[in-house]
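Below: one structure, written as structure tokens.
Everything numeric in this text was worked out from a predicted model, so none of it was measured. We count residues from 1, following the sequence as given.
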Amino acid sequence: MKTRWTEKHKIYAHDTDKAGYARVSSLMRYMQETAFCHMAAVRPSAPELRAQRRAFILTRIGISIYAPLRHGDEIELSTWASDNSGVSYGRCFSVKRNGRTVAEAASIWALYDFRAKKILRVNDVRIDYGYDDMLDLDLPRRITFPEDVPLTLRGEYTAGYADTDVNCHMNNTAYADLFCNYIPEIKNGIARASSVHICYMRELHEDNTVKIYGCCSDDIYYFRTVLSDGKTNAEAKIITETE
């Protein structure tokens, strides 16, 4: 079994922001498409899991972006499975441009059974995509918020058609755009995200609304989205870098 799977991608113009940087959401989509290719080669593929009424749901991800990616850049993106235990499936990603590593990510996924309406334990499912070591990246179970700076309401967002995927909730990649929209230097095109951590707690379904709370401490941005019932939807920590 091939432990690591690599695909070549080219950064498209519509995947970049006003500064010309590839959006974090776009990078996440390239990563996950590469993972789908890996799953299809080793099996079960994502469609095969879907036929069983099962799907992998992202619970948390940590991304480090060491250099900006721009329109036309050609990249080699590798992915591998790692550290499966309990109800958690680990998956890592490495992005290279001209042989140099420009981004890495570590992520944790859960396998959800829509028919049983529960998360399945690793030991109860026969799935093996191979194994390699987990990247040494910070991947907290929850975001630690600064104690001296309170979160304040930044806005509200209603999930729409463009956000929703086949699992009938807002796709995990869309959250990166949602949070970056409340970071002035990214929104104004003078900086890019260099470190992104997102924890996903509860789904946001189409036409449902979340309130976005945020704060900034020591040039680090923190966010929490809250559902209409008061429960946390997602949390994020984002560090920016000016080129």
With a 4.5 Å cut-off on side-chain heavy atoms, are [Y] and [X] touching?
{"X": "R91", "Y": "F56", "answer": "no"}
{"X": "D132", "Y": "S82", "answer": "no"}
{"X": "T34", "Y": "M31", "answer": "no"}
{"X": "Y129", "Y": "P44", "answer": "yes"}
{"X": "K117", "Y": "Y112", "answer": "yes"}
{"X": "W80", "Y": "S94", "answer": "yes"}
{"X": "F223", "Y": "I183", "answer": "yes"}

I need the minimum non-hydrogen distance between [X] and [Y], along with the two atoms involved.
{"X": "A191", "Y": "T242", "value": "CB-OG1, 3.8 Å"}
{"X": "D138", "Y": "H197", "value": "O-NE2, 2.8 Å"}
{"X": "I238", "Y": "A193", "value": "CG2-CB, 4.0 Å"}
{"X": "A106", "Y": "L139", "value": "O-CD1, 3.4 Å"}
{"X": "G62", "Y": "L137", "value": "O-CD1, 4.0 Å"}
{"X": "A13", "Y": "H71", "value": "N-CD2, 3.2 Å"}

Hey, what do you get for [atom1] ([X]) to [atom2] ([Y]), rounding to the nearest 0.5 Å?
{"X": "T79", "Y": "E33", "atom1": "OG1", "atom2": "CD", "answer": "12.0 Å"}
{"X": "N167", "Y": "F114", "atom1": "CG", "atom2": "CZ", "answer": "4.0 Å"}
{"X": "R23", "Y": "K18", "atom1": "CZ", "atom2": "NZ", "answer": "10.0 Å"}
{"X": "S85", "Y": "I108", "atom1": "OG", "atom2": "CD1", "answer": "7.5 Å"}
{"X": "Y66", "Y": "R100", "atom1": "OH", "atom2": "CZ", "answer": "11.0 Å"}
{"X": "Y221", "Y": "T240", "atom1": "OH", "atom2": "OG1", "answer": "6.0 Å"}

[X] atom [atom1], neighbour heavy-atom count above 12 within 6.0 Å:
{"X": "D124", "atom1": "CG", "result": "yes"}
{"X": "D219", "atom1": "CG", "result": "no"}
{"X": "D218", "atom1": "CG", "result": "no"}

Under 4.5 Å between side-chain heavy atoms, counting indirect links through other Ile/Leu/Val/Met/Phe/Trp/Tyr residues: same cluster for [X] and [Y] or not?
{"X": "M39", "Y": "L120", "result": "yes"}
{"X": "L204", "Y": "L58", "result": "yes"}
{"X": "I61", "Y": "L178", "result": "yes"}
{"X": "Y175", "Y": "L227", "result": "yes"}
{"X": "Y222", "Y": "Y182", "result": "no"}

Taking atom types as modelled, is there a side-chain donor on [X] or [Y] under 3.5 Å from an acceptor on the other?
{"X": "Y200", "Y": "N233", "answer": "no"}
{"X": "D15", "Y": "Y30", "answer": "yes"}
{"X": "E7", "Y": "H9", "answer": "no"}
{"X": "T144", "Y": "R142", "answer": "no"}
{"X": "N172", "Y": "Q32", "answer": "yes"}
{"X": "W109", "Y": "S107", "answer": "yes"}

Whether the side chain of [X] engages the backbone of [Y] through a donor-acceptor N/O pair (distance < 3.5 Å, no angle test) should be reported.
{"X": "Y21", "Y": "G189", "result": "no"}
{"X": "S194", "Y": "I239", "result": "yes"}
{"X": "S64", "Y": "E104", "result": "no"}
{"X": "T164", "Y": "G160", "result": "yes"}
{"X": "R97", "Y": "P68", "result": "yes"}
{"X": "D83", "Y": "Y89", "result": "no"}
{"X": "N188", "Y": "I190", "result": "no"}
{"X": "D73", "Y": "R70", "result": "yes"}

(request) Mind jotting down which residue pairs meet the salt bridge (Lys or Arg N to Asp or Glu O under 4.0 Å) criterion with at least one end in residues 41-69? Sequence neighbours excluded, please. (result)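 For residues 41-69, and leaving out neighbouring residues, the salt bridge (Lys or Arg N to Asp or Glu O under 4.0 Å) pairs sorted by first residue read R43-E48, R54-D113.
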(request) Just grab all the salt bridge (Lys or Arg N to Asp or Glu O under 4.0 Å) pairs involving residues 160-176, residues at least two apart or on different chains. (result)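 Non-adjacent pairs meeting salt bridge (Lys or Arg N to Asp or Glu O under 4.0 Å): zero.
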(request) Look at the rings of Y12 and H14 and say which category their plane angle falls in: under 30° parallel, 30 to 60° tilted, over 60° perpendicular. (result)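 Y12 and H14: parallel rings.
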(request) Output, in order, the C-alpha distance, side-chain angles, deciding distance and verdict of side chain to side chain contact (heavy atoms under 4.5 Å, CB included) for H169 and I57. (result) CA-CA 11 Å; H169 62 212; I57 306 297; 4.0 Å; yes
(message) Which residue in the set T225, T232, V226 passes side-chain contact (heavy atoms from CB on, under 4.5 Å) when paired with Y213?
(response)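 Among T225, T232, V226, the one meeting side-chain contact (heavy atoms from CB on, under 4.5 Å) with Y213 is V226.
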(message) Pair R141, C199 - check side chain to side chain contact (heavy atoms under 4.5 Å, CB included), show working.
(response) CA-CA 7 Å; R141 291 183 178 275; C199 297; over 6 Å; no
